[in-house]
Protein chains: 2
Amino acid sequence: MTTTSMKDVARAAGVSVGTVSNVLNRPEAVAEETRSRVLAAISDLGYVRNDSARQLRAGRSRTVAVVVLDVANPFFTDVVRGAEPLIETAGAVVTVCDSGEDVRRERRHLEILEEQRVLGLLITPVDDSSASWIERLSGHDIPVVLVDRGAGRHPHCSVAVDDVHGGRLAARHLVDAGHERIAFIGGPASIPQIADRLAGCQEVCEEAGVALDVFDTPGLNFAAGREAVEQMLGRADRPTAVFCANDLVALGALQSLTMHGVKVPQECAIIGYDDIDFAAAAAVPLSSVRQPRSQLGRTAAQLLFDEIAEGADHTHRNVVFQPELIARASTAMDLEPPM
Amino acid sequence: MTTTSMKDVARAAGVSVGTVSNVLNRPEAVAEETRSRVLAAISDLGYVRNDSARQLRAGRSRTVAVVVLDVANPFFTDVVRGAEPLIETAGAVVTVCDSGEDVRRERRHLEILEEQRVLGLLITPVDDSSASWIERLSGHDIPVVLVDRGAGRHPHCSVAVDDVHGGRLAARHLVDAGHERIAFIGGPASIPQIADRLAGCQEVCEEAGVALDVFDTPGLNFAAGREAVEQMLGRADRPTAVFCANDLVALGALQSLTMHGVKVPQECAIIGYDDIDFAAAAAVPLSSVRQPRSQLGRTAAQLLFDEIAEGADHTHRNVVFQPELIARASTAMDLEPPM
DNA sequence: CGGTCTTTTTGAATCGTTTCATCAGGGGTT
DNA sequence: AACCCCTGATGAAACGATTCAAAAAGACCG
């Protein structure tokens with residue numbers, strides 16, 4: 001009554017359900033006259049296909065899920081934007097899930113996605129603790145591509161950026177400018193990308209004999225940057241430059257520094273990571289380490305569909321991109337950093 | 001073989017499928033001993049429920065869709081964030097669709113969502129052209145709540161902000177500061193929110209005898225703001241203040257003005273709309289018209305579930321919030337605007 | 001008019017759950 | 001032993017589409 005099904009359409013058009021199905025799925029196989037009669041019935045009755053039934057029969061949905069750490073972070077929306085065209089061209093649908101850097105939320109999403117029998121999964125995992133969950137999905141025939149994250153020994157394709165190198169780039173940039181005490185703001189340290197960026201930074205600092213203060217944050221957003229700076233300003237021996245684990249944190253830090261009357265870059269330089277669009281438009285245009293965001297997404301989608309197409313005889317590929325330093329006013333070097 | 005179903009679990013546990021289903025859905029109705037045997041079988045076989053089959057049986061999915069104009073706009077992610085808790089508490093799942101201010105994309109999403117028999121829909125429509133499509137959904141028993149948009153004569157609940165008033169607030173703020181030629185940047189004009197903001201602005205300008213230049217843009221993002229400013233700077237009679245239809249446009253405009261050496265606010269004031277977090281952290285902290293973003297989302301979700309609960313005897317409600325002016329440095333009045 | 005092809009259409013089986021009327025097996029009472 | 005109750009378990013009937021072997025309907029030829 002409330003919903004109209006193929007049976008109703010068939011009755012109205014005086015044909016069998018098989019024929020209605022054919023009109024929808026292989027129109028060329030049904031006679032012109034019959035086809036138009038069926039189409040008329042469809043629009044008369046306002047019939048809409050039931051996707052659950054199709055999926056049940058097909059055994060798979062046509063949805064590709066993208067699980068990201070933070071949808072509010074422009075980095076991830078750009079990654080998704082990069083992946084969408086390819087996915088849609090393939091006739092699939094994109095659904096974006098936000099783990100919010102929370103393992104429990106992530107896991108809940110994974111459970112649901114598995115129940116939905118998604119066509120494939122692009123995911124930036126929160127940390128390593130969901131590895132077995134994720135493997136379970138690929139064990140159940142759901143191809144998985146790790147995004148912004150090397151596969152390591154895990155059996156998946158991956159698209160990543162060399163974050164250790166990114167960390168080095170940022171640190172070297174600050175060291176070259178003459179800074180002798182640097183702060184790193186970011187966290188939680190369990191997030192591999194953050195750990196890598198920090199590792200690269202540490203490496204350079206040690207080599208150059210530069211002091212490094214690490215401020216661990218509970219998340220990667222405005223508030224984290226602001227709070228870390230509050231702490232930092234209390235210190236006696238204050239760093240003259242800050243490397244933030246991403247641009248959101250950097251913008252928060254910048255805001256807090258400005259509020260406290262600390263001049264950027266003269267009294268404290270800042271460099272971020274990701275080079276989101278907002279970075280260039282910030283209070284002081286923000287230096288940053290650029291990642292090829294949409295290319296990450298595009299490549300990830302490509303790998304996913306390759307895996308789907310190749311089936312059994314697929315071998316996983318791991319693509320690594322190199323980040324690039326973008327210097328702007330927030331680390332301008334033509335001013336001597338204060339002693 | 002590849003997928004394991006309830007039947008397999010039933011066989012392994014030596015019970016009927018009905019019992020397996022009961023274990024999953026009403027565990028209290030099955031004897032302790034049987035239950036644990038079934039659970040063991042489930043985890044042995046790695047059984048995962050098939051959501052398509054559940055949905056087919058249930059006739060509805062447990063997904064609430066949110067269709068927004070631009071996922072990369074923090075305004076919308078905040079709205080979604082506001083709506084999520086309530087939706088998840090209700091045991092439903094959120095899926096976010098991005099229309100990208102494009103009617104065709106929007107329509108494609110609606111078609112798919114209808115085929116998926118979503119539980120409900122929160123949508124910020126691109127313009128009026130999809131009104132009949134949207135009504136079709138509610139006709140097919142899918143409750144719809146319009147977000148950031150009054151329902152007008154359409155048969156839906158809605159949660160909106162008084163954009164005409166918002167436009168007035170912004171314009172009055174600029175007029176009070178002594179500006180005598182103002183620019184409005186935003187578009188396309190077919191988007192009702194934009195039209196409203198402009199209308200409010202026009203009203204105040206006319207009343208005050210202030211000149212208003214309208215720069216129509218093809219979208220509401222950084223690039224739009226930058227390009228409009230390029231045009232504006234070419235003009236002989238250049239406005240001394242700009243009202244941008246949203247903060248993204250405003251940040252683009254700010255960036256372009258700064259690049260051209262035009263001092264903000266001394267030589268050109270700027271005010272945006274939405275008061276996204278980035279506004280306060282901008283090159284020059286951005287004045288803006290604040291909307292209660294997460295409250296919009298929360299209320300929308302509330303209305304949706306009210307409608308679901310009330311069923312037939314539901315009467316649509318239309319909630320309107322009032323926007324609030326947030327004055328920051330980009331319109332600082334302590335400096336006389338130049339003649 | 002019978003026979004051979006080709007083009008269309010049919011109808012039943014299937015996908016994996018949920019639901020619900022029914023049935024089995026104990027206890028307990030008379 | 002006959003009866004009723006109660007707790008648990010069962011199995012078949014949906015749900016709505018797709019698929020495919022088989023039947024029907026034409027078309028064409030001799």
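All of these numbers come straight from a predicted model, not from anything done at the bench.
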(request) For the pair A:H109 (side chain) and A:D98 (backbone), establish whether a donor and an acceptor sit closer than 3.5 Å, ignoring hydrogens and angles. (result)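 Side chain of A:H109 to backbone of A:D98: a pair is present.
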(message) Looking at B:V17, is its backbone amide N or carbonyl O close enough to the side chain of B:S21 to form a donor-acceptor pair, meaning the two atoms are under 3.5 Å apart?
(response) no
Test: [X] and [Y] ion pair at under 4.0 Å:
| X | Y | answer |
| --- | --- | --- |
| B:D128 | B:R149 | yes |
| A:D51 | A:R62 | yes |
| B:D78 | B:R81 | no |

So what does [X] touch, heavy atoms closer than 4.0 Å: a base, only the sugar-phosphate, or nothing?
| X | value |
| --- | --- |
| B:V15 | sugar-phosphate |
| A:N25 | sugar-phosphate |
| A:R57 | base |
| B:S5 | sugar-phosphate |

(message) Would you say A:N50 places a side-chain N or O within less than 4.0 Å of OP1 or OP2 belonging to D:dA17?
(response)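 No, because none of the side-chain N or O atoms of A:N50 sits under 4.0 Å from OP1 or OP2 of D:dA17.
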(request) Shoot me the first and last contacting nucleotide of DNA chain C against chain B, ordered 5' to 3', at under 4.0 angstrom to non-hydrogen atoms. (result)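 Reading along DNA chain C, I get C:dG16 to C:dT19.
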To the nearest Å, how far apart are [X] [atom1] and [N] [atom2]?
| X | N | atom1 | atom2 | value |
| --- | --- | --- | --- | --- |
| B:E115 | D:dG16 | CD | P | 15 Å |
| B:E28 | D:dA9 | CD | C1' | 15 Å |
| A:M6 | D:dC15 | CE | P | 16 Å |
| B:Q116 | D:dG16 | CD | P | 17 Å |

(request) Over 60° means perpendicular and under 30° means parallel, so classify the ring planes of A:H316 and A:H314, tilted if in between. (result)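 Geometry flag for A:H316 against A:H314: perpendicular rings.
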(message) If you assign each of B:N22 and A:L56 to its closest nucleotide in DNA chain C, which residue comes earlier from the 5' end?
(response) A:L56
(request) Count the heavy atoms of every other residue, nucleotide or ligand shown that sit under 6.0 Å from CZ of B:R108, and state whether that count exceeds 12. (result)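 It does not: B:R108 CZ has 12 such atoms or fewer within range.
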(request) Please figure out whether B:R117 or B:E33 has its closest DNA chain D nucleotide nearer the 5' end. (result)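 First, find each residue's nearest nucleotide; the 5'-ward one identifies B:E33.
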